[in-house]
Structure formats: C-alpha cells, structure tokens
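Beneath this line is the structure, given in structure tokens, with notes to follow.
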Amino acid sequence: VQLVESGGGLVQPGGSLRLSCTWSGSLFTPYVMSWYRQAPGEARELVALMTSGDRINYADSVKGRFTISSDNAKNVMYLQMNSLKPEDTDVYYCKLQGLGESWGQGTQVTVSS
C-alpha cells in the first residue's frame, strides 16, 4: 500500500490546515490509521490514531484542536488542524497499519507569523 500526503504549508498562529493522506490498494480490517509528526533531531511523535473499531486517541498537546477522520470509500484519511500554534511546526506523516505497515512521505507544516 502506498500513501501520498498533501495539505501542508505555512499558516499563521490560530489558523487551520487540513492534511490528506490517500492510499492505493484495498483496506483490510482490522486497521489502524494514524498521524505522526517529527521535528529535526527528535523522535517521531504520535499525534492521532483511529482504529477500524472506532477507537480514536489524540496526543494531549492536540486534544480539542485536531481531528482525525477518514473516507474509506475514497481511500483517504484526514487530519484537520485548528487553532494552530508555533509549536505545531513539524513534518507530519500518515501511517496505515493493516496487513502490513505503510508510511506517507511526510508534509511540512509551519506555523509562523
């Protein structure tokens, strides 16, 4: 399964962005869809995940501001990011775990005035 991300960019503090991650191939249950982020020289951090059993978890730092969702009929998952802060600046990666594990290529999100 190949994942392609889009939607990153530069946004002012308090603004919003929506990241998209499109996958090719079939989706098998059970699965886990997730978003991670990584700053240079640091470990990749889990931001949000969603399972085929409808369990959703968020990192404490993004609760109430970020929303993970998917449209499985269109083979796409989303990360809606609202009330963005400068500390949200990172490269964001999507991951899909099903029969195997696949990562997106990463998309840069920069929050700055």
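Not measured: the values here are computed from a predicted model.
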Taking all non-hydrogen atoms of both residues, which atom of [X] and which atom of [Y] are closest, and how far apart?
{"X": "Val11", "Y": "Leu84", "answer": "CG1-CD1, 3.5 Å"}
{"X": "Leu46", "Y": "Ser34", "answer": "CD1-CB, 3.9 Å"}
{"X": "Ser52", "Y": "Thr29", "answer": "CB-CG2, 4.0 Å"}

Going by the rule ring pair (Phe, Tyr, Trp, His ring centres under 6.0 Å), which residues pair with Tyr36 if we only count those two or more places apart in sequence or in a different chain?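 Only Trp103 meet the ring pair (Phe, Tyr, Trp, His ring centres under 6.0 Å) criterion with Tyr36.
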Stepwise side chain to side chain contact (heavy atoms under 4.5 Å, CB included) test for Met33 and Lys95: CA-CA 6 Å; Met33 298 177 182; Lys95 184 172 79 168; over 6 Å; no
Whichever hydrophobic residues join Phe28 through chains of side-chain contacts under 4.5 Å: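 Listed partners: Leu99.
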Sequence neighbours excluded, every pair satisfying disulfide (SG to SG under 2.5 Å) that has a member inside [range]:
{"range": "residues 26-71", "result": "none"}
{"range": "residues 49-93", "result": "none"}
{"range": "residues 59-113", "result": "Cys21-Cys94"}
{"range": "residues 45-76", "result": "none"}

Cluster link Val4 to Leu27, ILVMFWY, side chain under 4.5 Å: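 Val4 does not cluster with Leu27.
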Same apolar cluster (I L V M F W Y, side chains within < 4.5 Å links), Val62/Trp35: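 Linked within one cluster.
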Under 3.5 Å: donor-acceptor pair, side chain of Asn75, backbone of Gly25: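 Between the backbone of Gly25 and the side chain of Asn75 there is a qualifying donor-acceptor contact (under 3.5 Å).
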Residue pair Leu79, Phe66: steps toward the side chain to side chain contact (heavy atoms under 4.5 Å, CB included) verdict: CA-CA 7 Å; Leu79 184 68; Phe66 290 12; 4.2 Å; yes
Going by side-chain contact (heavy atoms from CB on, under 4.5 Å), name the residues that satisfy it together with [X], two or more places apart in sequence or in a different chain.
{"X": "Val1", "result": "Leu3, Trp23, Leu96, Ser102"}
{"X": "Val109", "result": "Leu17, Leu19, Met81, Tyr92, Val111"}
{"X": "Ser113", "result": "Pro13"}

side-chain hydrogen bond (donor to acceptor under 3.5 Å, both in side chains) pairs, two or more places apart, involving residues 5-19: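 side-chain hydrogen bond (donor to acceptor under 3.5 Å, both in side chains) check on residues 5-19 returns Ser16-Asn82.
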Can you run down the side-chain hydrogen bond (donor to acceptor under 3.5 Å, both in side chains) pairs that involve residues 56-73, sequence neighbours left out, and say none if there aren't any?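 Qualifying pairs: Tyr31-Asn72, Arg37-Ser61, Arg55-Asn57, Asp60-Lys63, Arg65-Asp88, Ser70-Asn72.
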Flag side-chain contact, heavy atom, 4.5 Å: Thr89 against Gln108: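 Side chain of Thr89 against side chain of Gln108, heavy atoms only: contact under 4.5 Å found.
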Partner set under side-chain hydrogen bond (donor to acceptor under 3.5 Å, both in side chains) for Gln38, not counting sequence neighbours: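 Here the qualifying residues are Arg44.
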